[in-house]
Participant: 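Here you go, one structure.
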Amino acid sequence: MQLTQRQQNIYDGKEGEVKAKIMKTLVMYGETFGATRMADITSDKGHLVTSFGLSVMKPVYELMDKIIESGAVSTQRFTVDPKPLDPNVPKNLIQEIFFRVMYSKQNDYDEQLKKLGIVGDDGYTCTCYMSEVGNTPKEGDILSWAESSAVVYANSVLGARCNRNSGIFDLFGSIVGCVPYFGLLTDEGRKATWLIEVKTSKKPEAQLLGSAIGMKVMEEVPYVIGLDKYFDNLDGAKSYLKDFGAATASNGAVGLYHIENLTPEAVNQKRELLASNYKTYVIDDAELERVEKSYPIIWKDKNAKPKLAFIGCPHLSIEQLDEWANNIDFKLKENNKKKVTIPTVMTAAPAVVKEFKNHDGYKKLSNRGVVISSICPLMYMNNPQCGKMPVITCSNKLRTYTSAKFMKENELLKAITGENV
């Protein structure tokens, strides 16, 4: 590993023992993947994946204390994934007790994050790149992020460069200001090894298409053709691509995708992004139906009536909140209902929720009994008691990691508005 003088000084302990250990850890990490140098971080802010104060994470809290005590705090301010708790989200007494035990260190950990450099109370979201949140990297920026859905969005839609880091490594990079140069940071690592041909009769469900691609290509890079015809421009596709990318990252391990004529690198380099030995995967209506039918339903009673619906994993954009508000309001009127028939939680970043409160849709959802929260649905469902509940969702990420049952958006809409599915 060839280090710059600044990096070597940190490695040699000239900025303290803790920083030296952090740099040595990152060097070993990079050498494992064949990196020969470190790349300086150029983004304005970092993003951490670990937001939850699980009582069993004692080593993490001890590590954070050592970093804080040494003064080796982040050179960047950062955002972090959503909190696992919200008193407004439905739960029974037993579930509440489990939450208190599971996340008993939450308040202490929040204080540690403040000392380390979190941007503030509005910084808890998995969609930190939303304009309302203000952590939007520029094309070509080098990042030290974790959170799979945020990394794949930054790489693909924004054209930034970041590997799929694990928790703590994201913070380490922000502290020393550099990350190992390999994988998705390199031009070669951003080449597509799969050509995905979308041949569906209509715009495919984002979460379903992403799932199909993720399970096929796993950690490789796909180049998707045939999807751009459903969008006028990249701005109009961003909410779709957010959900699509989250599914590719959670159902597989995709860290970067290219959409022909839409995403920055595909626009600039076109099919030159395809590696010479690429493979092809054709997705039509029948293939999407096959993928959807392959999802296991792991409820104890597969015919149980849903007790909760989660919409927003990853967190919703303000455009999605408006769309859901209008659709739910319309469907309830059509079905002669005043309130949603299944308790429904919609999640978005704190800053997005603040802005949404100025929209008519906020009042529509509140009046219809929908809870609007900034919680992490996944962390909620990781509670053993909540995991036993029959929960429905249109998130393939939540479906993959928990016992939630996946439904396409139109089916979920019918379910929560009292229409038989």
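Side chains are part of it too, since the values below use all heavy atoms of this structure and drop only hydrogens, waters and symmetry mates. In this text, all values refer to a predicted model and were calculated from it rather than measured experimentally.
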Participant: Side chains of Q112 and D65: any donor to acceptor distance under 3.5 Å?
Facilitator: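 There is such a pair (donor and acceptor under 3.5 Å, judged by atom type) between the side chains of D65 and Q112.
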Participant: Please determine, by modelled atom types, if N9 and R6 share a side-chain donor-acceptor pair under 3.5 angstrom.
Facilitator: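 There is no such pair (donor and acceptor under 3.5 Å, judged by atom type) between the side chains of N9 and R6.
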Participant: Within the structure provided, determine whether Y380 and L308 are in side-chain contact (heavy-atom separation under 4.5 Å).
Facilitator: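 Side chain of Y380 against side chain of L308, heavy atoms only: contact under 4.5 Å found.
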Participant: Could you measure the distance from the OH atom of Y240 to the CD atom of E205? Nearest 0.5 Å is fine.
Facilitator: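 One gets 8.0 Å once the value is rounded to the nearest 0.5 Å.
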Participant: Mark yes when over 12 heavy atoms from residues, nucleotides or ligands other than I94 sit less than 6.0 Å from its CD1; otherwise mark no.
Facilitator: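 Not more than 12 within 6.0 Å, no.
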Participant: Would you please say whether a donor-acceptor pair under 3.5 Å links the side chains of H47 and D170?
Facilitator: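 Distance-only check fails for H47 and D170.
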Participant: Could you state the interatomic distance from CD1 (I318) to CD (E323), rounded to the nearest 0.5 Å?
Facilitator: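 So the gap between those two atoms works out to 13.5 Å.
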Participant: Report, as yes or no, whether the 6.0 Å neighbourhood of atom NZ on K364 holds more than 12 heavy atoms from other residues, nucleotides or ligands.
Facilitator: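 Enclosed.
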Participant: Any luck finding a side-chain donor-acceptor pair between S211 and N251 under 3.5 Å?
Facilitator: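 Yes - a donor-acceptor pair under 3.5 Å links their side chains.
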Participant: For Y61, does the OH atom sit with more than 12 other heavy atoms under 6.0 Å from it, leaving out its own atoms?
Facilitator: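 Yes.
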Participant: Assess whether atom CG of D12 is packed by more than 12 heavy atoms of other residues, nucleotides or ligands within 6.0 Å.
Facilitator: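 Correct, the count exceeds 12.
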Participant: Is there a side-chain contact between M130 and K242 in this structure, where contact means two heavy atoms from C-beta onward sitting under 4.5 Å apart?
Facilitator: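 Yes, their side chains come closer than 4.5 Å.
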Participant: Could you tell me which residues satisfy ring-ring contact (aromatic ring centres under 6.0 Å, His included) with F98, sequence neighbours excluded, listed by chain and number?
Facilitator: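 F98 satisfies ring-ring contact (aromatic ring centres under 6.0 Å, His included) with no other residue.
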Participant: Does some side-chain heavy atom of I41 sit less than 4.5 Å from a side-chain heavy atom of L143?
Facilitator: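 Sidechains of I41 and L143: no contact.
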Participant: Check for a donor-acceptor pair, side chain of W145 on one end and backbone N or O of A154 on the other, with a separation under 3.5 Å.
Facilitator: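 Absent.
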Participant: Only pairs at least two apart or in different chains count here, so list each salt bridge (Lys or Arg N to Asp or Glu O under 4.0 Å) that has a residue in residues 210-223.
Facilitator: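 Sorted pair list: E220-K279.
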Participant: What residues, two or more places apart in sequence or in another chain, satisfy side-chain hydrogen bond (donor to acceptor under 3.5 Å, both in side chains) together with N261?
Facilitator: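 Counting only residues at least two positions away or on another chain, N261 forms a side-chain hydrogen bond (donor to acceptor under 3.5 Å, both in side chains) with D228.
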Participant: Got more than 12 heavy atoms from elsewhere within 6.0 Å of CD, E188?
Facilitator: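 Count not over threshold, so no.
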Participant: Nearest 0.5 Å please: distance from the CD1 atom of I175 over to the OG atom of S70.
Facilitator: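 The CD1 atom of I175 sits 7.5 Å away from the OG atom of S70.
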Participant: Just jot down the side-chain hydrogen bond (donor to acceptor under 3.5 Å, both in side chains) partners of D235, sequence neighbours excluded, or say none.
Facilitator: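 For D235 the side-chain hydrogen bond (donor to acceptor under 3.5 Å, both in side chains) partners, ignoring immediate neighbours, are K238.
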Participant: Taking only distance into account, with no hydrogens and no angle test, what donor-acceptor pairs under 3.5 Å do side-chain atoms of residues 14-30 form with protein atoms, sequence neighbours excluded?
Facilitator:
residue	atom	partner	partner atom	Å
E15	OE1	K19	NZ	2.9
E17	OE2	K21	NZ	3.4
T25	OG1	K21	O	2.7
Y29	OH	N165	OD1	3.3

Participant: Run the salt bridge (charged side-chain N to carboxylate O under 4.0 Å, His left out) test against D108 and tell me which residues pass, sequence neighbours left out.
Facilitator: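 Partners of D108 under the salt bridge (charged side-chain N to carboxylate O under 4.0 Å, His left out) test: K105.
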Participant: Salt bridge between R161 and D141, side-chain N to carboxylate O under 4.0 Å?
Facilitator: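 Judged by the 4.0 Å cut-off on N to carboxylate O distance, R161 and D141 do not form a salt bridge.
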Participant: Within a 6.0 Å radius of atom CG on N358, are there more than 12 heavy atoms belonging to other residues, nucleotides or ligands?
Facilitator: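 Yes, enclosed.
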Participant: Going by the rule side-chain hydrogen bond (donor to acceptor under 3.5 Å, both in side chains), which residues pair with D86 if we only count those two or more places apart in sequence or in a different chain?
Facilitator: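 Counting only residues at least two positions away or on another chain, D86 forms a side-chain hydrogen bond (donor to acceptor under 3.5 Å, both in side chains) with N88, S373.
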Participant: With the side chain counted from C-beta on, respond yes when P84 and Q106 share a heavy-atom pair under 4.5 Å apart, and no when they do not.
Facilitator: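 Yes; the side chains approach each other to less than 4.5 Å.
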Participant: Under the rule for salt bridge (charged side-chain N to carboxylate O under 4.0 Å, His left out), what residues qualify as partners of R190, not counting sequence neighbours?
Facilitator: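 Expected list: E265.
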Participant: Return yes if a side-chain donor-acceptor contact under 3.5 Å exists between S43 and Q76, otherwise no.
Facilitator: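 Checked: S43/Q76 side chains pair up, N/O donor to acceptor below 3.5 Å.
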Participant: Given side-chain contact (heavy atoms from CB on, under 4.5 Å), test I67 with L116 step by step and report yes or no.
Facilitator: CA-CA 8 Å; I67 292 172; L116 287 165; 3.7 Å; yes
Participant: Does any pair with a residue in residues 129-139 pass side chain to side chain donor-acceptor pair (under 3.5 Å), and if so which ones, sequence neighbours excluded?
Facilitator: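 Residue pairs passing side chain to side chain donor-acceptor pair (under 3.5 Å), neighbours aside: T79-N135.
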Participant: Got a sec, which residues hit side-chain hydrogen bond (donor to acceptor under 3.5 Å, both in side chains) with E319, two or more places apart in sequence or on another chain?
Facilitator: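 Result, side-chain hydrogen bond (donor to acceptor under 3.5 Å, both in side chains) vs E319: S317.
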Participant: Where does the angle between the aromatic ring planes of H258 and Y223 fall among parallel (under 30°), tilted (30 to 60°) and perpendicular (over 60°)?
Facilitator: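 Aromatic pair H258/Y223 classed tilted.
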Participant: In plain terms, say whether K66 and E69 are close enough for a salt bridge, that is, a side-chain N and a carboxylate O under 4.0 Å apart.
Facilitator: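 So K66 does not pair with E69 through a salt bridge.
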Participant: Taking the basic N atoms (NZ, or NE/NH1/NH2) and the acidic carboxylate oxygens, is any pair closer than 4.0 Å for R77 and D44?
Facilitator: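 The answer is no: the pair does not qualify as a salt bridge.
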Participant: Report the distance from atom SG of C313 to atom OH of Y401, rounding to the nearest 0.5 Å.
Facilitator: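 Going from SG on C313 over to OH on Y401, the span is 9.0 Å.
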Participant: Between Q95 and N92, is there a donor-acceptor pair closer than 3.5 Å when you use the side chain of the first and the backbone of the second?
Facilitator: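 Present.
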Participant: Side chains of D40 and Q7 only: does a donor on one sit below 3.5 Å from an acceptor on the other?
Facilitator: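 Result is yes, a qualifying pair exists.
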Participant: Give, for atom CG of D322 and atom CG of D360, the distance between the pair rounded to the nearest 0.5 Å.
Facilitator: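 These two atoms lie 8.5 Å from each other.
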Participant: Any side-chain heavy-atom pair from P390 and K405 closer than 4.5 angstrom?
Facilitator: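 A side-chain contact under 4.5 Å is absent here.
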Participant: Could you tell me if S294 and E292 have a donor-acceptor pair between their side chains, going purely by distance under 3.5 Å?
Facilitator: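 Judged by distance alone, the side chains do not pair up.
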Participant: In chain order, what residues pass the salt bridge (charged side-chain N to carboxylate O under 4.0 Å, His left out) check against K83, with sequence neighbours excluded?
Facilitator: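 Testing K83 for salt bridge (charged side-chain N to carboxylate O under 4.0 Å, His left out), a comparison that skips the adjacent residues, returns D110.
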Participant: Looking only at side-chain N and O atoms, does T125 offer a donor or acceptor that is under 3.5 Å from a partner on T127?
Facilitator: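 Distance-only check passes for T127 and T125.
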Participant: Hey, are E147 and K397 close enough for a salt bridge, meaning a charged N less than 4.0 Å from a carboxylate O?
Facilitator: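 Yes, E147 and K397 are salt-bridged.
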Participant: Using the salt bridge (charged side-chain N to carboxylate O under 4.0 Å, His left out) criterion, which residues pair with K114? Sequence neighbours excluded.
Facilitator: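 With neighbours one apart ignored, the set is E111.
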Participant: Nearest 0.5 Å, what's the CD1-CG distance between I372 and L316?
Facilitator: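 Atom-to-atom, I372:CD1 and L316:CG are 9.5 Å apart.
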Participant: Are F52 and Y109 close enough, and set up right, to give a ring-ring contact (aromatic ring centres under 6.0 Å, His included), and what steps lead you there?
Facilitator: CA-CA 8 Å; F52 39 89; Y109 186 54; 7.9 Å; no
Participant: Compare all side-chain heavy atoms of L227 with those of L262 and state whether any distance is below 4.5 angstrom.
Facilitator: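 A side-chain contact under 4.5 Å is absent here.
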